[in-house]
2 protein chains.
Amino acid sequence: MTGPTSRGIPEATVARLPIYLRVLGALADAGTRTVSSDELAALAGVGSAKLRRDLSHLGSYGTRGVGYDVEHLAYQVSRELGLTQDWPVLIVGVGNLGSALAGYAGFASRGFRVCALVDADPDVIGTTVRGLRVQPAAELEDVVRHTGACIGVLATPAPVAQRMCDRLVSAGVRSILNFAPVVLTVPADVDVRKVDLSMELQILAFKEQRKTSKAIAASPVLGSAAGGVR
Amino acid sequence: MTGPTSRGIPEATVARLPIYLRVLGALADAGTRTVSSDELAALAGVGSAKLRRDLSHLGSYGTRGVGYDVEHLAYQVSRELGLTQDWPVLIVGVGNLGSALAGYAGFASRGFRVCALVDADPDVIGTTVRGLRVQPAAELEDVVRHTGACIGVLATPAPVAQRMCDRLVSAGVRSILNFAPVVLTVPADVDVRKVDLSMELQILAFKEQRKTSKAIAASPVLGSAAGGVR
DNA sequence: TTATGTGAATCCATTCACAGCT
DNA sequence: AGCTGTGAATGGATTCACATAA
């Protein structure tokens with residue numbers, strides 16, 4: 001109804017579009033004009049059937065017998081993700097992580113513009129980080145209005161994250177990227193994505209543990225002692 | 001066969017265990033002895049049926065009519081994730097992000113011990129970051145052997161990430177957390193998890209875009225101009 | 001002939017609803 | 001009476017396999 005593909009791209013597909021976009025960018029930089037679903041899938045680390053299904057949700061941008069035009073597909077993916085426009089981003093909390101984020105090159109290259117930094121610490125307020133003056137957290141609402149920030153990044157300590165989140169929401173921010181190790185409560189029309197650095201490590205630890213115990217079970221000597229009771 | 005629950009916890013469940021663990025920790029700190037699936041689910045931001053299904057994969061640690069013992073459940077989740085042991089972590093690349101990670105409190109509290117930092121930049125080598133001397137990337141293999149590092153964290157620029165990854169793998173590291181914006185190629189027995197900071201923002205942008213266009217379509221004035229062709 | 005796009009089958013995850021235990 | 005743990009139903013995502021188009 002609303003668009004070319006009767007709007008409704010699966011969540012799982014959206015989560016992979018940024019990967020495809022990155023690979024397409026690398027291909028374009030290398031001067032590649034055309035790419036097949038097999039090649040693109042291999043570079044992105046997914047199966048080719050999955051890739052074709054994903055792209056089919058955007059429309060028919062491939063050519064049978066040939067493949068996809070790299071430039072054109074990259075543009076279509078960009079547009080679908082909303083990256084053809086400029087997104088002003090406000091970072092709340094300018095500690096180690098916050099200042100690393102402020103300087104992260106991957107943001108600027110995708111249309112994300114860090115437009116303001118705020119912090120509550122008097123020692124940090126007023127200092128310049130990556131060319132931006134850190135503003136007082138007390139004036140967060142003014143900063144949002146003044147910069148037109150659309151997306152808020154929370155890089156504060158856990159105890160104040162919910163409070164800062166509430167203030168972002170009441171100032172009109174409806175998309176939040178949360179690095180603080182807490183589960184935020186927000187109204188239904190606000191989207192929160194959480195990046196939890198230690199969570200990722202925990203999942204790795206789980207898998208590493210399984211690999212290690214499998215290796216022990218497979219060991220002729222240790223295996224019988226550990227698993228072979230009976 | 002191998003354990004209490006015939007090994008095979010769904011991927012999706014494993015990804016949520018760290019959330020439950022965090023909430024359980026907060027409850028324990030607050031002195032709560034017992035928690036029901038409804039309460040725990042609400043705090044974790046999931047449905048209670050999903051939570052009970054998830055926990056059922058670990059075993060029967062609840063008491064009908066009562067709920068779960070906070071301490072005991074936290075221990076069981078910890079154990080399942082492999083957090084009752086110590087995981088030496090090596091960070092490769094000590095730029096802004098790498099040094100932020102080196103000081104991240106969430107690591108230490110979950111059994112992850114940053115055991116070494118390496119970098120290729122002569123200006124950085126030899127400096128002390130978070131109490132650790134930065135060692136030369138040239139000696140990466142020696143550092144892995146000497147520290148017994150199990151998990152490698154890649155926080156290098158994109159162009160060198162694959163090379164550093166290869167060297168980690170050949171030195172025996174089989175679990176890698178990748179912050180560099182590239183898709184790494186590794187042997188089948190190596191696990192890689194990728195944290196892509198701009199990817200998360202891109203997904204938010206996609207949703208924000210949908211919200212905005214929905215708002216325009218719903219607007220009596222702008223709606224007809226934007227969407228209602230024909 | 002080659003490689004896309006997609007029905008159809010399959011697999012996995014979520015949700016419902018309630019039997020069973022305390 | 002209350003809450004867990006789980007069959008059964010549902011819903012999404014992945015994979016297969018091929019009709020279709022260049």
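Within every chain, numbering begins at 1; the chains are lettered A, B, ... in the order of the sequence lines, protein sequences first and strands thereafter. Worth saying up front: this structure is predicted, and the values here are computed from it rather than measured.
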inquiry  = Under a 3.5 Å threshold, yes or no: a donor from one side chain and an acceptor from the other, between B:Asp191 and B:Ser175?
reply    = no
request  = Please answer whether the main-chain N or O of A:Val190 pairs with a side-chain N or O of B:Lys211 as donor and acceptor at a distance below 3.5 Å.
outcome  = no
request  = Specify the separation, in whole Å, of atom CD1 of A:Ile9 and atom C1' of D:dG12.
outcome  = 16 Å
inquiry  = Go nucleotide by nucleotide along DNA chain D from the 5' end; which of B:Ala49 and B:Val66 gets its closest nucleotide reached first?
reply    = B:Val66
task = May I have the distance from A:Leu51 (atom CG) to D:dA13 (atom P), rounded to whole angstrom?
result = 16 Å
message = It should be established whether B:Arg52 places a side-chain nitrogen or oxygen under 4.0 Å from OP1 or OP2 of nucleotide C:dA17.
response = no
task = Step by step, work out the side chain to side chain contact (heavy atoms under 4.5 Å, CB included) result for B:Leu177 and A:Leu201.
result = CA-CA 7 Å; B:Leu177 184 58; A:Leu201 275 185; 3.8 Å; yes
Position toward the 5' end of DNA chain D (nearest nucleotide), B:Arg53 or A:Gly65 = B:Arg53
request  = Whole angstrom is fine here: how far is it from CG in B:Asp69 over to P in C:dT22?
outcome  = 16 Å
query = Does D:dC3 have OP1 or OP2 sitting under 4.0 Å from an N or O in the side chain of B:Ser36?
reply = no
request  = Please determine if a side-chain N or O atom of A:Tyr68 lies less than 4.0 Å away from the OP1 or OP2 oxygen of C:dG5.
outcome  = yes
request  = Specify the separation, in whole Å, of atom CG of B:Asp38 and atom C1' of D:dG2.
outcome  = 11 Å
message = Between C1' on C:dT10 and NZ on A:Lys50, what's the gap in Å once rounded to a whole number?
response = 14 Å
message = I need the CD-C1' distance between B:Glu11 and D:dA13, as an integer number of Å.
response = 15 Å
query = Would you say A:Arg22's side chain and B:Pro181's backbone share a donor-acceptor pair under 3.5 angstrom?
reply = yes
task = Would you indicate, yes or no, if D:dT4 has its OP1 or OP2 atom less than 4.0 angstrom from a side-chain nitrogen or oxygen of B:Ser37?
result = yes
task = Let me know the distance between NE2 of B:His57 and P of D:dT6, rounded to the nearest Å.
result = 9 Å
note = Between CG of B:Asp54 and C1' of D:dT4 the distance, given in whole Å, is 14 Å
message = I'd like to know if B:Arg64 reaches the base of C:dT22 with its side chain, counting only an N/O donor and acceptor under 3.5 Å.
response = no
Chi angles and distances behind the side-chain hydrogen bond (donor to acceptor under 3.5 Å, both in side chains) call for B:Arg52, B:Ser37 = CA-CA 6 Å; B:Arg52 287 200 303 279; B:Ser37 63; 3.2 Å; yes
